[in-house]
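Notes for the one structure printed next.
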Amino acid sequence: MHVEHLDCAEMNIPVMPHFVAHVLVCHTDAGLVLVDTGFGTLDYVDPGRRIGPMRHLLRPGSDDRSSAVRQLERAGHTADDVTHIVLTHLDIDHVGGIADFPHATVHTTADEYAAAFTNPDWNDKVRYRHAQMEHDVVWRTHEGRGDVWDHGLTGHEVLPGIVLVPMPGHSRGHAAVAVDAGDRGWLFHAGDACFDASAYASTSPAGRPLRKYRTVRGFEWSVGRDHQAIRENHRTLARLDAEPDVTVIPAHDQRIFDDLAGGR
């Protein structure tokens, strides 16, 4: 399928390289499918209520031009063209845009839904912002590890060629999303399973050397839930990155976005 790359958040975190919110737009027979959403238009209208105290760290700005719905509108689409949204997890900078697509079915793991809504612990209650998800969301949750997929992993094929691959660690129910992009192979949107691509690769998809961002790795560690699982996820991403038919996409590394967005 044809896949486009969008950066759907403006984040200006002090002493960090610029963070993107890498969103995939998948053109399918069922309509447009988004992988993650970044911030939505309402997040820019009322950041205090929807983003909360994290807005002081993320510094999202005040212009909604980067939101997925505004970018799609400029490309000639409407919000109703988006029929499904597949989320890596429910953190504020990944889920905020779902309110702009009220008729889309929103997919997540059952574990992530439980962490946010039905069985949160203290950390989860602080983590998730229900104000971003208070509209009549059409949820579809996916239980357990799923079926055997590829490359030694399991997952849930939520739509033909789109697989939700459980990868907990950053959050309780975090997942990656693998998209079959035809001649481009599998695009493996790793969400926040890794913040700094140099943790699993020495070069970017275009062959550029990747320097280590120690501040980014420290931030990843501070907001991650299970450090042992995060380490294992990095090893899994390194193994996938070595496969010729897989492109690993961390959600926030601008170097990877810049390489891939040029071909959108």
Side-chain angles (χ1 to χ4, degrees), residues 3-26 34-40 43-44 47 51 54-72 74-75 87-89 91-97 167 170 174 176-179 181 184 186-224 230 233-234 237-238 240-241 246-264:
V3 180
E4 298 176 88
H5 303 264
L6 303 181
D7 175 9
C8 294
E10 179 188 341
M11 290 183 276
N12 303 285
I13 306 173
V15 305
M16 297 269 193
H18 179 68
F19 269 32
V20 300
H22 199 142
V23 170
L24 303 182
V25 182
C26 308
L34 302 185
V35 177
D36 279 352
T37 66
F39 289 134
D43 295 321
Y44 295 97
I51 300 176
M54 280 293 285
R55 70 189 187 281
H56 300 299
L57 175 65
L58 300 180
R59 300 182 179 184
S62 58
D63 189 345
D64 69 3
R65 283 180 55 83
S66 64
S67 64
V69 70
R70 294 290 181 255
Q71 294 192 61
L72 290 173
R74 291 197 296 274
L87 296 173
T88 59
H89 59 305
D91 278 355
I92 53 178
D93 50 328
H94 297 256
V95 73
M167 226 176 206
H170 176 69
H174 185 279
V177 182
V179 177
R184 298 174 66 190
W186 286 100
L187 300 179
F188 194 84
H189 193 306
D192 285 357
C194 182
F195 281 26
D196 172 10
S198 74
Y200 65 81
S202 59
T203 59
S204 73
R208 296 185 295 157
L210 293 171
R211 60 169 289 202
K212 293 181 179 180
Y213 287 137
R214 298 192 184 281
T215 55
V216 173
R217 294 195 189 191
F219 182 52
E220 176 184 12
W221 214 248
S222 70
V223 296
I230 291 170
N233 288 340
H234 288 186
L237 295 177
L240 290 172
D241 187 67
V246 178
T247 300
V248 175
I249 302 173
H252 298 305
D253 196 311
Q254 183 172 9
R255 299 167 297 184
I256 308 306
F257 177 81
D258 288 345
D259 277 6
L260 299 176
R264 64 182 173 183

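For the single chain, residues carry numbers from 1 onward in sequence order.
The two atoms that bring Pro250 and Ala197 nearest to each other are CG-CB, 4.2 Å, heavy atoms only. Leu237 and Cys194 make their closest contact through CD1-CB, 3.6 Å (heavy atoms, listed as atom of the first residue, atom of the second, distance). Ala201 approaches Leu210 most closely through the heavy-atom pair O-CD1, 3.8 Å. Contact detail for Val248 and Tyr200: the closest heavy-atom pair is O-OH, 3.4 Å. Closest of all the heavy-atom pairs between Ala193 and Glu220 is O-OE2, 3.6 Å.
Residues satisfying the side-chain hydrogen bond (donor to acceptor under 3.5 Å, both in side chains) test with Asp241, not counting sequence neighbours, are none. With sequence neighbours excluded, no residue forms a salt bridge (Lys or Arg N to Asp or Glu O under 4.0 Å) with Asp93. Among residues two or more places apart in sequence or in another chain, the side chain to side chain contact (heavy atoms under 4.5 Å, CB included) test is passed with Asp43 by Phe39, Arg50, Ile51, Gln132.
Of the N and O atoms on the side chains of Ser198 and Arg255, not one donor lies less than 3.5 Å from an acceptor on the other residue. In summary, the side chains of Asp36 and His22 do not present any donor paired with an acceptor at a separation below 3.5 Å, with no hydrogens or angles considered.
Checked against His174 for a ring pair (Phe, Tyr, Trp, His ring centres under 6.0 Å), the options His189, His89, His94 give a single hit: His89. Residue Phe195 forms a side chain to side chain contact (heavy atoms under 4.5 Å, CB included) with just one option from Ile230, Val216, Asp253, and that option is Val216. Screening Asp259, Leu187, Ile256, Asp258 against His5 for a side chain to side chain contact (heavy atoms under 4.5 Å, CB included) leaves a single residue, Leu187.
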**Q.** Stepwise side-chain contact (heavy atoms from CB on, under 4.5 Å) test for His252 and Asp192
**A.** CA-CA 8 Å; His252 298 305; Asp192 285 357; 3.0 Å; yes
**Q.** Residues Val3, Val35; criterion side-chain contact (heavy atoms from CB on, under 4.5 Å); working and verdict
**A.** CA-CA 10 Å; Val3 180; Val35 177; over 6 Å; no
(Q) For a side-chain contact (heavy atoms from CB on, under 4.5 Å) check, start with the C-alpha distance between Thr88 and His170, then their side-chain angles and the critical distance, and finish with the verdict. (A) CA-CA 10 Å; Thr88 59; His170 176 69; over 6 Å; no
**Q.** Working for side-chain contact (heavy atoms from CB on, under 4.5 Å), residues Phe257 and His18
**A.** CA-CA 11 Å; Phe257 177 81; His18 179 68; over 6 Å; no
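Between Pro17 and Gln254 the shortest side-chain heavy-atom distance does not fall below 4.5 Å. Annotation: side chain of Val223 is not in contact with side chain of Asp91 (no heavy-atom distance under 4.5 Å). Side-chain contact between Val25 and Gln71 is absent, with no heavy atoms from C-beta onward closer than 4.5 Å.
Here Arg65 contributes atom CZ and Cys8 contributes atom SG; the two are 12.5 Å apart, rounded to the nearest 0.5 Å. Here CZ of Arg70 is found 14.0 Å from CG of Leu6. Values are rounded to the nearest 0.5 Å. Considering CG of Leu72 and CG of Leu34, their distance stands at 6.0 Å, rounded to 0.5 Å.
No more than 12 heavy atoms of other residues, nucleotides or ligands shown are found within 6.0 angstrom of CZ on Arg214. Within a 6.0 Å radius of CZ in Arg208, more than 12 heavy atoms belonging to other residues, nucleotides or ligands are found.
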